[in-house]
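Structure first, then comments.
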Amino acid sequence: MNFRSCLAEPLLRAWRCGLLGCLLLLGWGPALAQGLDVAALDGQGVGLGPLWSVLRDPEGRRDRSVALAQPFQPSAAHGDAVSLGYTRDTLWLRIRVRNSGQQTQRLVLDVPYPLLEELDVHLPDWQGGWHLVQTGYLRPRADRPIKTGFIAVPFEVPAEAEGELVLRARSVNSLIVPARLWKVDDFRAHDRQRLLLQALYFGAVLAIGLYNLVIFLVLRDRHFALYLVFSGSVALALANFGGIGPEYLWGDWPFWIRQCINVSGSVAAMAVLLFARGMLDTAKRMPRLDRWMRLMGWLNLLIIPLLLLSFRHAAPVWAVLSALSACTLLMAGLRGALQRQVSAYYFVIAFGVLLVAVVAGHLRNLGLVPANVFTTSGIQLGSALDMVLLSLALAERYTRMRRERVQAQAETLAAMRAHEQQLEARVAERTAALEAANQRLEAMSQTDGLTGLANRRHFDTVLEREWARALRNGQPLALGLIDVDWFKAYNDRLGHLAGDDCLRQLAQLLTETLGKRSADLVARFGGEEFVFLMPETDQPEAMRQGERLIAALRERAHPHPASPLGRVSCSVGVAAKVPLRHGRAQELLEVADAALYAAKAGGRDRLAAPDPAHA
């Protein structure tokens, strides 16, 4: 819908209301007051908000005849809903319905608002009497005529019949009665679509929540825990507001139905305020606003027991506090964006989208924008997008932390190199220091800078030495080649920094699992390949060591999103032999390499020994 049509719709509604007033003044009232013709209902039903006659009843009458004797006023609503906000008054609504057709019309009165304590629907029985349907969350759900998350009451209007439909509503929650009249088949299609949207929303929330839960369990970062509390509280509130909670989760529990949205909203506000303080570093970057955010957090905590003890008095205060909390969060996001914080951009967009969705929902209730999937389910759609954007903000924060850690490591390495240069500058003056410096440099030349293991150069030297020793003593020498499976895909999916971290963790696991003896050696062979060398070790023992490594790596279960296994794995090829005089050390390496190739060809995440023909 373009801007022109969005602007024209409210103007058209205002024109119609003005025309109606003029016609009533001209005495055309009886012609227009014949009631709603249900035979003319189309597939979208009709919103009853502007069609009701309304009575605010401070005395809370229950008798229909006494209430109907009072003067009703025309409805001021423009959309589906008549709203009185937080009030102790009882609301009476009445409308005349008629059927100009020749067939009985089977209809459904749909009230998609589960927070009405009592909703009494007085239906004419078309024989001069009335039929009363009592519903609302204080009444058993089992007595409802239609099993749905909201309130739906079926009734029939016989051919050429005319009567009056009367509603009585009361609630300690915000008193809103959004009502729409449907034909039965149209209502069923609408209710299925409504349930599908609910299922899609909560499925998305569950997936996002599980994803961030796994990240929290791996990283132990409290911001992921706060995010989970926030998203879970929002989902809980919307489950209650959308009728899913009372229908499928907690059933007839009036106390919780009444409190759920407000209590969950306060918990969500506390969590997101703490989340924002950490994400935007408000304590350092905006200390005055940070003090206000802490105050908002404490007020949201204190309002919870007040809601539980005296909901009627605390609910209006909660509404004001929620608005202040939302404004505070938006202000913090804007301040962070002005400071060029990347996380703040996600934050502002996330809460901006949610704010637009909430405003669009209220405008739809007022009839200022048309009812469609975006205005009807906008809050759920907005909150889902809000959770996705905040999840991206968390990912950006984690990336920034890793970048800062790598930068700190680079600065440390630069400082070490500067120190080495100072030592080298003093070599000429201090002969004794020269020997120590040379030894340190020799140790560095034998160590892999990323993993801290022996490097390829040192491994080649030790392999020749141990081969010669095994030849003299007639003892076997074992060698194992290790290759990380699907490592290029790991780098492509998570980035080279994550790949480096994975190699460091694997190096630590190799050190813990292998190389227990002083003569054993574990080294980085190159890229994602590692090697271990074990003197005086035969083939069965070498295979046991390789199996230990694979089992330890499986137990650790480091996530690998690009692997079919879902975790980091490795392939291992081992070889062991007693050297012969005419043999070469490289032969042992070649045999182990052939076994490694066989392990990969056999499906990876396994160990292979050499073919006896090549041993």
Test side chain to side chain contact (heavy atoms under 4.5 Å, CB included) on Trp292 and Thr328 and set out the steps.
CA-CA 8 Å; Trp292 179 255; Thr328 301; 2.8 Å; yes
Side-chain (Arg456) to main-chain (Asp448) donor-acceptor, under 3.5 angstrom
no
Would you call Arg417-Glu424 a salt bridge at under 4.0 Å N-O?
no
Report all side-chain donor-acceptor pairs from residues 265-280 shorter than 3.5 Å, counting only partners two or more places apart or in another chain.
unit_1, atom_1, unit_2, atom_2, d
Ser266, OG, Asn262, O, 3.2
Ser266, OG, Trp318, NE1, 3.1
Arg277, NE, Asp290, OD1, 2.6
Arg277, NH2, Asp290, OD1, 3.3
Arg277, NH2, Asp290, OD2, 3.3

CG of Leu453 to CD of Gln446: how many Å apart, nearest 0.5 Å?
13.5 Å
Listed by chain and number, what are the salt bridge (Lys or Arg N to Asp or Glu O under 4.0 Å) partners of Asp605, not counting sequence neighbours?
Arg554, Arg567
How about Glu555: does its CD atom have over 12 heavy atoms from other parts shown lying under 6.0 Å from it?
no
Does the side chain to side chain contact (heavy atoms under 4.5 Å, CB included) test come out yes or no for Glu587 and Lys577, once each step is laid out?
CA-CA 10 Å; Glu587 295 175 357; Lys577 65 186 304 182; 3.9 Å; yes
Keeping the roles fixed (side chain from Ser569, backbone from Leu565), state whether a donor-acceptor pair exists under 3.5 Å.
no
When you measure from the side chain of Gln259 to the backbone N and O of Leu307, does any donor-acceptor pair fall under 3.5 Å?
yes
Might you point out which heavy atoms bring Thr513 and Ala552 nearest each other, and give the distance in Å?
OG1-CB, 4.0 Å
Give the ring-plane orientation class for Phe487 versus Tyr490, where under 30° counts as parallel, over 60° as perpendicular and anything between as tilted.
parallel
Can a salt bridge be assigned to the pair Asp483 and Arg604 using a cut-off of 4.0 Å between side-chain N and carboxylate O?
no
Step by step, work out the side chain to side chain contact (heavy atoms under 4.5 Å, CB included) result for Val574 and Gln545.
CA-CA 9 Å; Val574 296; Gln545 294 294 331; over 6 Å; no
Start with the C-alpha gap between Gln508 and Glu512, add the side-chain angles, then the distance that decides, and say whether side-chain hydrogen bond (donor to acceptor under 3.5 Å, both in side chains) holds.
CA-CA 6 Å; Gln508 181 182 358; Glu512 295 171 354; 3.2 Å; yes
For Leu471 and Arg581, the nearest pair of non-hydrogen atoms, with its separation, is CD1-N, 3.8 Å
Please lay out, stage by stage, how Leu249 and Asn240 fare under the test side chain to side chain contact (heavy atoms under 4.5 Å, CB included).
CA-CA 9 Å; Leu249 298 178; Asn240 192 68; over 6 Å; no
Could you tell me whether Arg544 and Glu541 make a salt bridge, using a distance below 4.0 angstrom between a side-chain N and a carboxylate O?
yes
Closest contact, heavy atoms only, Ala332 versus Met293:
CB-SD, 4.0 Å
Report yes or no: does Gln539 contribute a side-chain atom to a donor-acceptor pair with the main-chain N or O of Ala576 at less than 3.5 Å?
yes
So, do Val531 and Ile482 sit near enough that their side-chain heavy atoms are less than 4.5 Å apart?
no
Return the minimal non-hydrogen interatomic distance between Thr447 and Asn455, and the atom names on each side.
N-ND2, 3.5 Å
Would you indicate whether Trp250, at its atom CH2, is surrounded by more than 12 heavy atoms from other residues, nucleotides or ligands within a distance under 6.0 Å?
yes
What one should report as the nearest heavy-atom pair of Pro610 and Ala595 is N-CB, 3.9 Å
His560 (side chain) donor-acceptor with Ser563 (main chain) under 3.5 angstrom:
yes
For the residue pair Arg517 and Thr537, what are the closest heavy atoms and their distance?
NH2-OG1, 2.9 Å
